[in-house]
**Student:** 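Structure in structure tokens, see below.
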2 protein chains.
Amino acid sequence: MSLQHDPRQNHLLAALALDEYKRLADNLERIELKLGDSLVESGQMMRHVYFPTDCIVSLLCVMEDGDSTEIGVVGGEGIVGISLFMGGETTPSRAIVQSAGTAYRLKGQLLKDEFYRAGPLQGLLLRYTQALLTQMAQTAVCNRHHSLDQQLCRWLLLSLDRLPTNELVMTQELIANMLGVRREGVTESAGKLQRAGLISYHRGRISILDRPGLEARVCECYGVVKKEYNRLLSYHRPGL
Amino acid sequence: MSLQHDPRQNHLLAALALDEYKRLADNLERIELKLGDSLVESGQMMRHVYFPTDCIVSLLCVMEDGDSTEIGVVGGEGIVGISLFMGGETTPSRAIVQSAGTAYRLKGQLLKDEFYRAGPLQGLLLRYTQALLTQMAQTAVCNRHHSLDQQLCRWLLLSLDRLPTNELVMTQELIANMLGVRREGVTESAGKLQRAGLISYHRGRISILDRPGLEARVCECYGVVKKEYNRLLSYHRPGL
DNA sequence: ACGCTTCCGTACGCTAACGTACACAGCATC
DNA sequence: GATGCTGTGTACGTTAGCGTACGGAAGCGT
């Protein structure tokens with residue numbers, strides 16, 4: 001198995017003890033995800049959970065009129081489909097691929113079986129869920145109190161943390177959907193960042209030029225979330 | 001034990017099988033909560049979890065500059081202190097009593113012990129957590145897309161659902177804190193509702209006069225959350 | 001080379017909510 | 001019954017973001 005395509009590039013899978021991982025490994029199905037692919041639809045039963053390695057998935061809350069807002073983002077540190085083991089089976093939100101890449105999927109029932117063994121995986125998934133919860137809470141506050149400029153910075157940094165490169169493929173239209181604002185608003189905020197030399201934007205490709213510069217502009221929300229992820233998920237990799 | 005003060009007025013405790021409940025019952029400590037009491041402080045270890053019966057607790061996300069936003073509300077249907085069994089032990093948010101009343105508290109370790117028996121209580125708490133998650137997500141969307149008028153309606157209805165009466169004791173100042181807006185904004189929105197004959201406001205006491213009227217004005221967020229709570233937590237009371 | 005589509009930039013009036021300021025009415029205290 | 005505090009109403013200029021509209025540039029297909 002090449003290092004390029006190891007399921008254990010996903011942090012949750014990486015944190016499992018070897019025997020635990022082995023029980024799942026044969027059932028992990030590698031899958032290539034394209035921008036815009038839908039992994040979870042509102043209210044629909046899921047067949048699988050997804051462990052991203054180098055892709056990013058957005059959790060979106062969509063309203064009747066079609067307006068939407070991103071309530072969380074999942075990358076190699078997490079899993080898509082928590083409602084399976086939380087017991088609800090479905091959620092009222094959607095999960096959309098925000099950055100193309102690879103993920104490994106697992107039949108829902110197999111994850112549930114492993115979860116209810118009440119081994120280390122259970123604690124791991126619960127702590128991850130709590131981290132996600134923090135992310136959602138902070139997003140709610142950020143939506144309320146901070147400027148679009150700051151929110152854009154937060155969004156870029158959260159994405160960047162989950163990407164291997166400094167470039168993300170993403171139109172302003174899509175970012176606007178995620179943040180739940182107008183496309184023109186994103187154009188303006190991104191323009192400021194570009195004029196400040198922090199990013200370079202070109203037809204659906206954003207290159208981050210000055211990450212410290214972004215961090216200087218971002219609101220506290222980014223830091224709070226990141227710190228909580230580190231606190232809850234800074235496990236060692238046993239059995240490696 | 002008078003019906004007035006039965007811990008099983010809390011829906012989660014009510015949903016337990018009798019033997020499961022009996023293991024906890026002796027350790028449930030009745031406690032009277034006053035408006036403004038703090039049950040959980042950001043980042044601090046909790047000694048207890050709280051099962052409200054007729055009080056309401058707000059989960060608040062507080063920022064460095066003191067601005068805050070409510071990210072969820074807990075009443076007789078829930079529990080305060082989920083981070084104990086989720087494994088994080090602490091959270092970055094606060095829990096403040098929004099409406100005075102009674103709750104039963106339990107030593108954190110005892111709840112964890114029971115949770116890790118992996119019995120029905122575990123599933124119950126996890127489903128409750130998922131419901132709370134939905135509430136937080138919907139709050140984030142609502143903050144973004146809906147007018148203060150609608151959000152006030154949502155807030156009133158969510159509170160009302162958790163109260164035995166039609167009256168809530170709450171100044172506009174406090175509501176403003178919860179919603180993360182100016183006090184004057186609340187005065188204006190509440191004024192509209194009052195002129196429309198839906199509520200009557202008088203120095204920290206709100207009486208709801210026309211609940212259907214509120215429901216007609218509220219945004220979809222209220223319905224989404226309520227539906228999800230019903231779906232996830234509409235259990236029968238076994239062993240009664 | 002041409003047209004078409006996608007993506008980005010800009011402009012303008014509009015509105016909800018903000019910050020600030022102040023007035024007044026209930027209620028308690030002394 | 002003067003004083004003070006708390007809670008509510010109102011007013012006014014300011015601003016961030018909205019809705020809408022339009023123009024242009026980059027890339028794609030033929």
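We name chains A, B, ... by the order of the sequence lines, and we start the count at 1 in each one. Since this is a predicted model, take the numbers as computed values, not measurements.
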**Student:** If you take all heavy atoms of B:Ala140 and A:Ile71, which pair is closest and at what distance?
**Tutor:**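 Heavy atoms of B:Ala140 and A:Ile71 come nearest at CB-CG2, 4.3 Å.
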**Student:** Are OP1 or OP2 of D:dT6 and a side-chain N or O of B:Gln172 less than 4.0 angstrom apart?
**Tutor:**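 The answer is no; no side-chain N or O of B:Gln172 sits under 4.0 Å from OP1 or OP2.
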**Student:** Let me spell it out: for each of A:Ser189 and B:Thr187, pick the nucleotide of DNA chain D with the closest heavy atom. Which residue's pick is nearer the 5' end?
**Tutor:** B:Thr187
**Student:** Got a sec, which pairs hit side-chain hydrogen bond (donor to acceptor under 3.5 Å, both in side chains) with one end in residues 188-198 of chain A, sequence neighbours left out?
**Tutor:** A:Asp149-A:Ser189, A:Asp149-A:Lys192
**Student:** Can you tell me which residue among A:Leu59, A:Val73, A:Val225 is in a side-chain contact (heavy atoms from CB on, under 4.5 Å) with A:Leu132?
**Tutor:** A:Leu59
**Student:** What is the separation between atom CD1 on B:Ile175 and atom P on D:dG9, rounded to the nearest whole Å?
**Tutor:** 11 Å
**Student:** Within the side chain of B:Thr53, is there an N or O that forms a donor-acceptor pair under 3.5 Å with the backbone of B:Thr102?
**Tutor:**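 Flag set: sc B:Thr53 to bb B:Thr102 pair under 3.5 Å.
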**Student:** Are B:Gln135 and B:Tyr229 linked by a side-chain donor-acceptor pair shorter than 3.5 Å?
**Tutor:**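 Side-chain D/A pair, B:Gln135 to B:Tyr229: present.
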**Student:** List the protein contact pattern of nucleotides 18-30 of chain D with one symbol per nucleotide (5' to 3'): B for base contact, S for sugar-phosphate-only contact, - for none; contact means a heavy-atom distance under 4.0 Å.
**Tutor:** BBBB---BBS---
**Student:** Round to a whole Å and report the spacing from CG of B:Asn177 to P of D:dT6.
**Tutor:** 15 Å
**Student:** How many whole angstroms separate atom CG of A:Asp149 from atom C1' of D:dA16?
**Tutor:** 10 Å
**Student:** Regarding B:Gln151, tell me which of base, sugar-phosphate or nothing describes its non-hydrogen contacts under 4.0 Å with the strands shown.
**Tutor:**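 Touches nothing.
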**Student:** Round to the nearest Å and state the distance from B:Met170 atom CE to D:dG7 atom P.
**Tutor:** 11 Å
**Student:** Evaluate the side chain to side chain contact (heavy atoms under 4.5 Å, CB included) criterion for residues A:Tyr128 and A:Glu77: first the C-alpha distance (whole Å), next the side-chain angles of each, then the deciding distance (0.1 Å), finally the verdict.
**Tutor:** CA-CA 9 Å; A:Tyr128 172 71; A:Glu77 86 293 344; 4.0 Å; yes
**Student:** Please report the distance, rounded to the nearest Å, between CG in B:Asn143 and P in C:dC18.
**Tutor:**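 The answer, rounded to whole Å, is 11 Å.
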**Student:** Step by step, would you call B:Leu157 with B:Ile208 a side chain to side chain contact (heavy atoms under 4.5 Å, CB included)?
**Tutor:** CA-CA 9 Å; B:Leu157 287 170; B:Ile208 278 70; over 6 Å; no
**Student:** Rounding to a whole Å, what distance do you find between A:His145:NE2 and C:dC18:C1'?
**Tutor:**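 Going from NE2 in A:His145 over to C1' in C:dC18 covers 12 Å.
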**Student:** Can you tell me how far C1' of D:dT8 sits from CD of B:Gln194, to the nearest Å?
**Tutor:** 10 Å
**Student:** Return the value, rounded to whole Å, for the distance between atom CG of B:Leu193 and atom C1' of D:dT8.
**Tutor:** 15 Å
